[in-house]
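Notes follow once the structure below has been shown.
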Amino acid sequence: MVDEQLVDRLTAAARAAREQAYAPYSRFRVGAALLDEQGHIHAGCNVENAAYPQGTCAEAGALAAMVLAGGRRLRAVLVLGEGDIACTPCGGCRQKLREFGPDELPVLVADTTGVRARYTLGELLPASFGPQHLKDLAE
Ligand code: THU
């Protein structure tokens, strides 16, 4: 359950991150904010590259910030983009989120006016492959 106070905190973090986006090629700026198991919020923005495939999504930056800070489990995600079509996480980012979150993970999609849609990760990435598939192989 993502209450309105948390929505506001995530939105503010994602909005501020989006302001820092480096998107000279697409001009499509994205910010992402994650709530971890310790109650901390981590943000990221997209960082494009002249060698286009080397660019990274906002979600990837936010996940790197979370891991660096010691966070290991996701409690909520908000992605903030722009345009008429809601900026849902790309396929690769859905898998990246899956590494740290369950099917029930709330994924909110926002634009500059506010939250446009709410999903769970399981809705966005059904029947997913995750760390549990490898647990019998782990030491
Ligand atoms: N982008 C993200 O940052 N997150 C997504 O989930 C969708 C796409 C970025 C990547 C690229 O810099 C720009 O949006 C256009 O695809």
Side-chain angles (χ1 to χ4, degrees):
M1 175 63 193
V2 181
D3 65 29
E4 286 314 299
Q5 189 194 14
L6 178 56
V7 169
D8 289 347
R9 290 172 63 211
L10 290 168
T11 300
R15 192 190 299 272
R18 182 173 170 271
E19 292 295 318
Q20 301 301 327
Y22 177 75
Y25 306 109
S26 72
R27 307 225 170 259
F28 190 83
R29 294 179 299 151
V30 184
L34 316 174
L35 178 73
D36 73 13
E37 78 278 21
Q38 301 169 38
H40 297 138
I41 289 177
H42 310 277
C45 62
N46 54 332
V47 180
E48 297 185 346
N49 193 286
Y52 291 178
Q54 299 305 323
T56 51
C57 287
E59 296 90 325
L63 283 169
M66 182 186 83
V67 170
L68 176 62
R72 289 295 182 272
R73 296 303 297 164
L74 289 167
R75 297 287 185 250
V77 175
L78 186 143
V79 181
L80 193 151
E82 58 196 298
D84 292 339
I85 305 173
C87 180
T88 45
C90 78
C93 285
R94 295 176 194 201
Q95 184 67 41
K96 288 183 174 73
L97 294 170
R98 176 68 186 84
E99 186 69 18
F100 301 102
D103 281 346
E104 297 74 30
L105 177 71
V107 179
L108 280 55
V109 180
D111 63 17
T112 53
T113 68
V115 172
R116 296 270 305 273
R118 295 176 186 235
Y119 302 95
T120 64
L121 184 58
E123 288 173 332
L124 295 175
L125 192 67
S128 63
F129 185 88
Q132 292 79 1
H133 285 84
L134 303 182
K135 77 174 189 304
D136 291 342
L137 303 177
E139 290 182 21

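Numbering of ligands and ligand atoms starts at 1, following listing order. This one's a predicted model, so the numbers in the text were calculated from it and none came from an experiment. Residue indices begin at 1 and follow the sequence shown.
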Distance-only donor-acceptor pairs under 3.5 Å for side chains of residues 74-88, two or more places apart:
residue: Glu82; atom: OE1; partner: Arg18; partner atom: NH2; Å: 3.2
residue: Glu82; atom: OE2; partner: Arg18; partner atom: NH2; Å: 3.1
residue: Glu82; atom: OE2; partner: Arg29; partner atom: N; Å: 2.8

*Once you round to the nearest 0.5 Å, how far does CD of Gln38 lie from CE of Met66?*
9.5 Å
*Do Phe100 and Val67 come within less than 4.5 Å of each other through their side chains, counting heavy atoms only?*
yes
*Phe129 vs His133 aromatic rings, parallel, tilted or perpendicular, using cut-offs 30° and 60°?*
parallel
_side-chain hydrogen bond (donor to acceptor under 3.5 Å, both in side chains) partners of residues 98-109, not counting sequence neighbours, each pair once_ = Arg98-Ser128, Arg98-Gln132
*asked:* Going by side-chain hydrogen bond (donor to acceptor under 3.5 Å, both in side chains), name the pairs with one or both residues in residues 1-11, residues two or more places apart or in two chains.
replied: Glu4-Arg118
*Using a 4.0 angstrom limit on heavy atoms, which residues are close to ligand 1?*
Ser26, Phe28, Val30, Asn46, Glu48, Cys57, Ala58, Glu59, Thr88, Pro89, Cys90
